[in-house]
Amino acid sequence: MEAKLKRELGTVMLKSTGHSAGGCISEGQSYDTDSGTVFVKKNHKSEAKLMFDGEMASLEAILKTETVKVPKPVKVIELDTGGCVFVMEHLDMTGLNKYSKHLGEQLADMHLHNKRLLEKFNKEQQTVGKGAGQSELAAVEKFGFNVPTCCGYIPQENEWQDDWVMFYSQQRLQYQLNMVEKSYGDREARELWAKLQLKIPQFFTDLEIVPALLHGDLWSGNVAQCAEGPVIFDPASYYGHSESELSISGMFGALNSSFYSAYHEKIPQAPGFAKRTKLYQLFHYLNHWNHFGGGYRGSSISTMKNLLK
């Protein structure tokens, strides 16, 4: 692997720094190279390239917003022995602590970025002459993403949709429940979903949703800080409802209260926020059920029952 890395990165020096990291999906290692230190994620699953291509596209999209720091992506490289590596900038990170408030502000700015682009675009459309249509980034008017992205190792269906409720119901919840059905044939889940999918539009009454660029998997394990401020990493991005971003952080290690306060200063909670949070958590419980097995069945079933009350 190291010989291939040298060739692909055009470096003579490739020396392990001794810094390694890993989660339940991939393992990682930092290397010193001729042009600086890089972090290399490695995965031997057959879907590794799809997963890393999606992560690279996600990091590139977040970088372009110039709102919150992410590691700069370098290259996805297929290994001769099978699997894939993803090379990115190495950042000296520690646990998020003093920059929680900053992360809340910056994440809100990231979520508002596309809305501001749309407003700018609409204003330029009404301007005659120089300056019209000159936005440096294209505004996005639909929900989805230009490539598949993976939350864990399961690909997300990111085909563009005009309607958020339809997108979330079909391409997030239905997709996961189809996998549950295929693996477990769970009758109770099937019956609850038949009722719940009819009720979902009620949670969005009188709500205007503008597509927002999301990290997609923002829990405490995917946030940190470096000397300059907060960092987010391991994204599974797409354009969706900004509220859905906050759901997983309440399930697995909630972030500091100053994070939420700063975020909601810029994006206040809309009526029905708490109920929709449960609806958005359902995706993550189902996704964990499909990744890690029946230990997450109870949470998935009880969430559906609570949403039907």
Side-chain angles (χ1 to χ4, degrees), residues 23-26 43-55 57-58 82-84 143-161 163-201 203 214-219 221-222 234-241 243-252 276-308:
C24 48
I25 307 296
S26 300
N43 191 287
H44 289 292
K45 284 185 175 287
S46 57
E47 55 268 78
K49 187 172 190 306
L50 179 81
M51 185 168 67
F52 286 155
D53 282 344
E55 185 177 345
S58 299
C84 220
F143 301 96
F145 204 55
N146 56 338
V147 297
T149 51
C150 298
C151 195
Y153 58 77
I154 295 174
Q156 299 187 122
E157 215 172 62
N158 285 336
E159 285 80 7
W160 295 102
Q161 282 258 25
D163 181 75
W164 168 249
V165 175
M166 190 77 75
F167 177 91
Y168 185 67
S169 298
Q170 292 183 349
Q171 292 172 221
R172 289 298 178 263
L173 296 180
Q174 182 73 67
Y175 186 84
Q176 290 285 334
L177 280 150
N178 287 347
M179 293 184 71
V180 167
E181 177 66 24
K182 189 176 178 182
S183 299
Y184 304 101
D186 195 291
R187 182 178 171 181
E188 189 174 14
R190 187 165 62 242
E191 290 174 352
L192 287 168
W193 175 239
K195 296 174 189 172
L196 179 59
Q197 62 183 318
L198 300 175
K199 190 178 178 182
I200 287 175
F203 301 133
L214 306 177
H215 173 283
D217 191 16
L218 197 80
W219 67 292
N222 288 343
D234 288 354
S237 292
Y238 64 99
Y239 284 86
H241 186 196
E243 282 183 3
S244 66
E245 188 87 280
L246 304 182
S247 57
I248 192 172
S249 68
M251 298 160 61
F252 308 110
R276 286 190 299 275
T277 295
K278 293 290 181 193
L279 182 68
Y280 291 140
Q281 287 177 341
L282 177 58
F283 164 77
H284 292 290
Y285 283 131
L286 292 168
N287 190 43
H288 277 67
W289 187 356
N290 282 316
H291 271 92
F292 307 116
Y296 287 94
R297 179 189 183 272
S299 303
S300 303
I301 296 294
S302 65
T303 301
M304 285 197 271
K305 286 179 176 176
N306 286 334
L307 287 164
L308 285 166

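Position 1 is the first residue of the sequence, and the numbers go up from there.
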Handout entry: Centroid-centroid under 6.0 Å between Phe252 and His288 rings
Key = yes

Exercise for the section: Ignoring hydrogens and angles, tell me if any N or O in the side chain of Glu55 forms a donor-acceptor pair with the backbone of Pro235 under 3.5 Å. Expected result: no

Handout entry: Donor + acceptor pair across side chains of Gln171, Asn158 (<3.5 Å)
Key = no

Completion exercise
Asn306 meets the side-chain hydrogen bond (donor to acceptor under 3.5 Å, both in side chains) criterion, sequence neighbours left out, with Lys309

Practice task
Would you name the heavy atoms of Cys84 and Ala48 that are closest together and state the gap between them?
Solution key: CB-CB, 3.7 Å

Practice task
Identify the two heavy atoms, one from Tyr168 and one from Phe283, that lie closest to each other, and give their separation to 0.1 Å.
Solution key: OH-CB, 3.3 Å

Handout entry: Lys199 NZ: over 12 foreign heavy atoms closer than 6.0 Å
Key = yes

Fill in the blank from the handout: side chain to side chain donor-acceptor pair (under 3.5 Å) test vs Tyr280 passes for just one of Glu243, His241, Glu245, namely His241

Problem - For Asn222 against Asp217, the heavy-atom pair lying closest together - result: ND2-O, 2.9 Å

Problem - Approximate separation, where rounding is to 0.5 Å, of Tyr285 OH and Asn290 CG - result: 15.5 Å

Fill in the blank from the handout: Which of Leu282, Leu308, Leu286 passes side-chain contact (heavy atoms from CB on, under 4.5 Å) with Thr303? It is Leu282

Problem - Side-chain donor/acceptor of Arg276 to backbone N/O of Phe203, under 3.5 Å - result: yes

Problem - Glu181 side chain to Arg190 backbone, donor-acceptor under 3.5 Å - result: no

Exercise for the section: Report yes or no: does Ser249 contribute a side-chain atom to a donor-acceptor pair with the main-chain N or O of Leu246 at less than 3.5 Å? Expected result: yes

Problem - Steps toward side-chain contact (heavy atoms from CB on, under 4.5 Å) verdict (Trp193, Gln174) - result: CA-CA 8 Å; Trp193 175 239; Gln174 182 73 67; 2.9 Å; yes

Problem - For Glu188, side chain to side chain contact (heavy atoms under 4.5 Å, CB included) partners two or more places apart - result: Asp186, Leu192, Arg297, Ile301, Lys305

Exercise for the section: Please round to the nearest 0.5 Å and tell me the distance separating atom CD of Gln170 and atom CD of Glu157. Expected result: 8.5 Å

Practice task
From the options Tyr238, Trp164, Tyr239, select the one residue that forms a ring pair (Phe, Tyr, Trp, His ring centres under 6.0 Å) with Phe143.
Solution key: Trp164

Problem - Set of side chain to side chain contact (heavy atoms under 4.5 Å, CB included) partners for His291, sequence neighbours left out - result: Ile25, Tyr153, Ile154, Asn287

Handout entry: Non-hydrogen atoms of Trp289 and Val180 that approach each other most closely
Key = CH2-CG1, 3.6 Å

Practice task
Starting at CG of Asn43, measure out to CG of Leu50 and round the result to the nearest 0.5 Å.
Solution key: 11.5 Å

Handout entry: N-O pairing of Lys195 and Glu191 below 4.0 Å
Key = no

Handout entry: Interatomic spacing from NZ in Lys45 to SG in Cys150 - rounded to 0.5 Å
Key = 11.0 Å

Exercise for the section: Would you tell me whether Tyr296 and His284 have side-chain atoms, one donor and one acceptor, within less than 3.5 Å of each other? Expected result: no

Handout entry: Least distance between heavy atoms, Val147 atom then Gly54 atom
Key = CG2-CA, 4.2 Å

Exercise for the section: Heavy atoms only: give me the nearest Ser58-Thr149 pair and the separation to one decimal. Expected result: OG-CG2, 3.5 Å

Practice task
Starting at NZ of Lys278, measure out to CE of Met251 and round the result to the nearest 0.5 Å.
Solution key: 9.0 Å

Handout entry: Any donor-acceptor N/O pair, Ser247 side chain to Ser244 backbone, under 3.5 Å
Key = yes

Handout entry: Full working for side-chain contact (heavy atoms from CB on, under 4.5 Å) between Ile200 and Ser169
Key = CA-CA 8 Å; Ile200 287 175; Ser169 298; 3.6 Å; yes

Practice task
Determine yes or no for a side-chain-to-main-chain donor-acceptor pair under 3.5 angstrom, with Arg172 supplying the side chain and Gln156 the backbone.
Solution key: no

